[in-house]
Amino acid sequence: GENVEQHPSTLSVQEGDSAVIKCTYSDSASNYFPWYKQELGKRPQLIIDIRSNVGEKKDQRIAVTLNKTAKHFSLHITETQPEDSAVYFCAASGAYNTDKLIFGTGTRLQVFP
Amino acid sequence: DSGVTQTPKHLITATGQRVTLRCSPRSGDLSVYWYQQSLDQGLQFLIQYYNGEERAKGNILERFSAQQFPDLHSELNLSSLELGDSALYFCASSPKGHWDTEAFFGQGTRLTVV
């Protein structure tokens, strides 16, 4: 079945450094790849997404890259700040008519001042 | 506030019991998705409804069932509860029947089975 692998499971960085989280997916028909941020005890919230017809997307300090051939996508956070500390989930959709969004297992990011 | 409302926020119940979790999607959203998040775990897809009909199913146990009503709110029924069912249950809604746009999550229902 569909599967999304996410690495690393935990990531600690110094404030101002960059953080990179990587995901791979199994369903070659996947065409939508969102990233969600979940702060402790709160609901997941979308921070950025990318569709299969785009290789890279950037929004201020956050960027996502997609390599459809390798079935691999990554989240890049530059100039990290303590408020970036949270759990980040990647996800991949199924084919148009499968209507599933499969999440990765999450990365706990800690940004130290 | 995402516009997705889940009730109750917290629920404590005993093993063997049955509970119902409720979700009201954002106004105009036709799809409702249910996810289970166990302690320090990822989001496990349970089931999706679109405009009243079941659309997709994940690793949902037979003891669990769901439905979406004509007013588009959804209920997740969990029966014969076990300790391992303790988790945060999220509902999400989106306008369409498939994932190509942002889905909005509710605040979740924290279920504790004792």
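Quick note: numbers below take in every heavy atom, side chains included, and nothing from hydrogens, waters or symmetry partners.
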Checklist entry - Under 6.0 Å from the CG atom of B/Leu61, do we count more than 12 heavy atoms belonging to anything else shown? => result yes
Checklist entry - Measuring heavy-atom distances to chain A, does B/Gln44 have an atom under 4.5 Å in its side chain, in its backbone, in both, or in neither? => result neither
Checklist entry - Is there a side-chain contact between B/Phe105 and A/Lys42, using heavy atoms and a 4.5 Å cut-off? => result no
Next on the checklist: For the CD atom on A/Glu83, are there more than 12 heavy atoms of other groups (residues, nucleotides or ligands in this structure) within a distance under 6.0 Å?
Outcome noted: yes
Item to check | Pair B/Gln37-A/Gln38, side chain to side chain contact (heavy atoms under 4.5 Å, CB included): steps then yes or no | outcome: CA-CA 12 Å; B/Gln37 186 176 39; A/Gln38 187 178 26; 2.8 Å; yes
Checklist outcome for this item: Closest non-hydrogen atoms of A/Phe89 and B/Gly42, given as atom of the first, atom of the second and distance, are CE2-CA, 3.5 Å
Checklist entry - Under 6.0 Å from the CG atom of A/Leu40, do we count more than 12 heavy atoms belonging to anything else shown? => result no
Checklist entry - Crowded around A/Arg108 CZ? As in, over 12 foreign heavy atoms under 6.0 Å? => result no
